[in-house]
2 protein chains.
Amino acid sequence: MSGAAPAPVESLIGARIAERRAELGITLERLAAATGFSKGYLSKIENSRKVPPIGSLSRIAAALRTDITQLLHTPAEAGEGGGLSVVRAGERRPVVRGGTAFGYDYVSLADNRRDKKMEPFLFTFPSQIDKYVFFEHDGEEFMFVLSGRVEWQAGSRRLVLEPGDSIYFDARLPHRGRALDGEATAVVVTYSPKPAE
Amino acid sequence: MSGAAPAPVESLIGARIAERRAELGITLERLAAATGFSKGYLSKIENSRKVPPIGSLSRIAAALRTDITQLLHTPAEAGEGGGLSVVRAGERRPVVRGGTAFGYDYVSLADNRRDKKMEPFLFTFPSQIDKYVFFEHDGEEFMFVLSGRVEWQAGSRRLVLEPGDSIYFDARLPHRGRALDGEATAVVVTYSPKPAE
DNA sequence: ACAGAAAGTTTCCCATTGGACAATATCCGT
DNA sequence: ACGGATATTGTCCAATGGGAAACTTTCTGT
């Protein structure tokens with residue numbers, strides 16, 4: 001054995017850094033100044049010619065105002081979308097994938113558009129969840145409660161949200177929610193660095 | 001130079017690995033066999049005497065059946081309120097910058113968190129806009145109408161949105177909106193590749 | 001089109017570090 | 001105490017992190 005499978009993580013780091021730097025719109029030179037590394041070295045890293053050790057990667061992440069884990073995960077995404085997508089209150093399409101399987105009902109609010117950065121849903125929390133599972137995925141999530149009271153748990157924090165309350169959190173925190181009385185609905189928008197694939 | 005600001009991440013990796021290995025109840029030798037590293041080296045890593053490069057850490061993570069990010073993540077994963085921000089309906093902070101200047105009122109729904117990918121707002125559309133200006137910025141935007149009827153214009157398209165309607169569009173399209181009768185409110189979430197700086 | 005500047009890439013090089021190996025130390029049970 | 005198992009440490013060589021600067025490419029402006 002020991003075929004020396006090249007670590008898959010390493011090859012993606014560079015791309016992620018480059019992508020993030022592009023997002024911030026800063027040059028290699030500025031990043032070099034911010035991190036203390038030479039621009040030549042940073043260039044090599046972005047092209048996967050060199051792999052920085054943890055500490056250095058951490059410094060780079062800090063300069064890019066990101067978390068180190070963000071740079072280790074997912075590859076790049078590209079593309080762009082033009083246009084505009086409307087979902088009328090009456091024309092919502094229920095999302096099938098696992099939807100009710102977990103005890104949740106949710107419908108996409110922009111399913112007729114692909115390659116978008118955010119994923120908006122309308123969530124309906126049931127009063128009871130038999131399969132008491134947590135969600136846990138990459139990216140970030142925003143939720144705005146429309147109706148009902150939601151008992152929400154993210155990480156170790158548990159709180160009750162009422163209509164009009166909103167919450168923003170790192171989606172890697174295991175999270176779940178249930179309606180406290182009857183039913184509850186919320187607008188949920190997720191951002192995921194990972195494209196749909 | 002090189003005052004060697006010790007990266008905070010590095011010192012925790014070893015502890016996390018040791019902790020995880022203890023969880024699995026396996027010996028250094030077994031881990032050595034699984035990863036291909038010498039047990040001596042692994043010992044040094046656990047005692048923060050050495051810091052493995054990304055690829056090696058990845059192999060270790062695989063052998064421990066964990067994700068590499070778990071090993072980097074601080075051991076205090078449970079407990080802290082980090083990564084989560086709640087804004088109660090009664091505690092919204094109005095956003096000052098330009099808010100009413102454009103004839104719009106809006107409040108941030110996650111202002112106590114920085115470096116986030118999405119920017120959620122609660123928008124209030126007035127019945128009349130004297131300065132009939134367009135918004136036009138980078139990124140993408142999602143809007144969910146809560147109350148009232150909104151005449152919305154994006155690019156060349158003009159449409160009327162009612163409560164429960166939602167729209168997703170490229171924010172580079174010049175866009176604007178106004179309430180048709182009385183007032184209208186909407187949840188707006190924007191994604192912008194470039195943070196404010 | 002051309003010159004100059006700015007952003008990015010590559011070459012060369014050395015100081016640092018990864019990581020194996022063997023020796024030593026610690027912790028059991030009998 | 002002894003023997004066996006697991007963990008730590010010193011030594012050392014090969015590998016690599018990472019700088020300096022030359023080089024190339026892309027963006028200006030005129």
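Remember, predicted model here, so these are calculated numbers, not experimental data. In what follows, every heavy atom counts, from backbone to side chain, and hydrogens, waters and symmetry copies are set aside. Every chain is numbered from 1, with letters handed out A, B, ... down the list of sequences.
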Next item on the list: Nearest whole angstrom, please: distance from the P of C:dG19 to the NZ of B:Lys39.
Entry: 19 Å
Next item on the list: Under 4.0 Å between any heavy atoms, over every strand shown, what does B:Ser38 touch: base, sugar-phosphate, or nothing? Just pick one.
Entry: base
Checklist line | B:Phe37 and B:Tyr41 aromatic ring geometry - parallel, tilted or perpendicular at 30°/60° bounds | finding: perpendicular
Margin query: Categorize A:Phe37 for me: base, sugar-phosphate, or nothing, with a 4.0 angstrom heavy-atom threshold over every strand shown.
Written below: sugar-phosphate
Next item on the list: Report which part of the nucleic acid B:Ser43 touches: base, sugar-phosphate, or nothing (heavy-atom distance under 4.0 Å, all strands).
Entry: base
Next item on the list: Take B:Lys39 and B:Leu31 through the side chain to side chain contact (heavy atoms under 4.5 Å, CB included) test and state the conclusion after the steps.
Entry: CA-CA 8 Å; B:Lys39 67 177 182 180; B:Leu31 183 59; over 6 Å; no
Notebook entry, point to check: Between A:Arg178, A:Arg176, A:Met143, which is the residue that forms a side chain to side chain contact (heavy atoms under 4.5 Å, CB included) with A:Trp152?
Noted result: A:Met143
Checklist line | Residue A:Pro53, side-chain heavy atoms: nucleotide from D:dG17, D:dA7, C:dT10 that is nearest | finding: D:dG17
Checklist line | A:Arg20 side chain vs A:Arg65 backbone, donor-acceptor pair below 3.5 Å | finding: yes
Margin query: Whole angstroms only, please: what is the CZ-P distance between B:Arg59 and C:dA20?
Written below: 8 Å
Next item on the list: Take atom CD1 of B:Ile17 and atom P of D:dT8, then tell me their distance rounded to the nearest Å.
Entry: 13 Å
Check: Is there a side chain to side chain contact (heavy atoms under 4.5 Å, CB included) between A:Leu71 and A:Leu57 once you walk through the steps?
Finding: CA-CA 8 Å; A:Leu71 298 181; A:Leu57 185 62; 3.9 Å; yes
Margin query: Judged by each residue's nearest nucleotide on DNA chain D, which is more toward the 5′ side, B:Lys50 or B:Glu29?
Written below: B:Glu29
Notebook entry, point to check: Which whole-number value in Å describes the distance from A:Leu57 CG to D:dG17 C1'?
Noted result: 13 Å
Notebook entry, point to check: Is the phosphate of D:dT9, meaning OP1 or OP2, less than 4.0 Å from a side-chain N or O of B:Arg49?
Noted result: yes
Checklist line | B:Ser56 side chain near C:dG19 phosphate (N/O to OP1/OP2, under 4.0 Å) | finding: yes
Check: Within this structure, what is the CD1-to-P distance between B:Ile45 and D:dT8, rounded to whole angstrom?
Finding: 12 Å
Margin query: Any side-chain N or O of B:Arg21 below 4.0 angstrom from OP1/OP2 of D:dA7?
Written below: yes
Next item on the list: Measure the distance from CG on B:Leu42 to P on C:dC21 and round it to the nearest whole Å.
Entry: 13 Å
Checklist line | Upstream residue (5' side of DNA chain C) when B:Pro52 and B:Gly40 are each assigned their closest nucleotide | finding: B:Pro52
Checklist line | Interatomic distance, B:Ile13 CD1 vs C:dG18 C1' [rounded to whole Å] | finding: 14 Å
Margin query: Expressed as a whole number of angstroms, how long is the span from B:Asn47:CG to D:dG10:C1'?
Written below: 15 Å
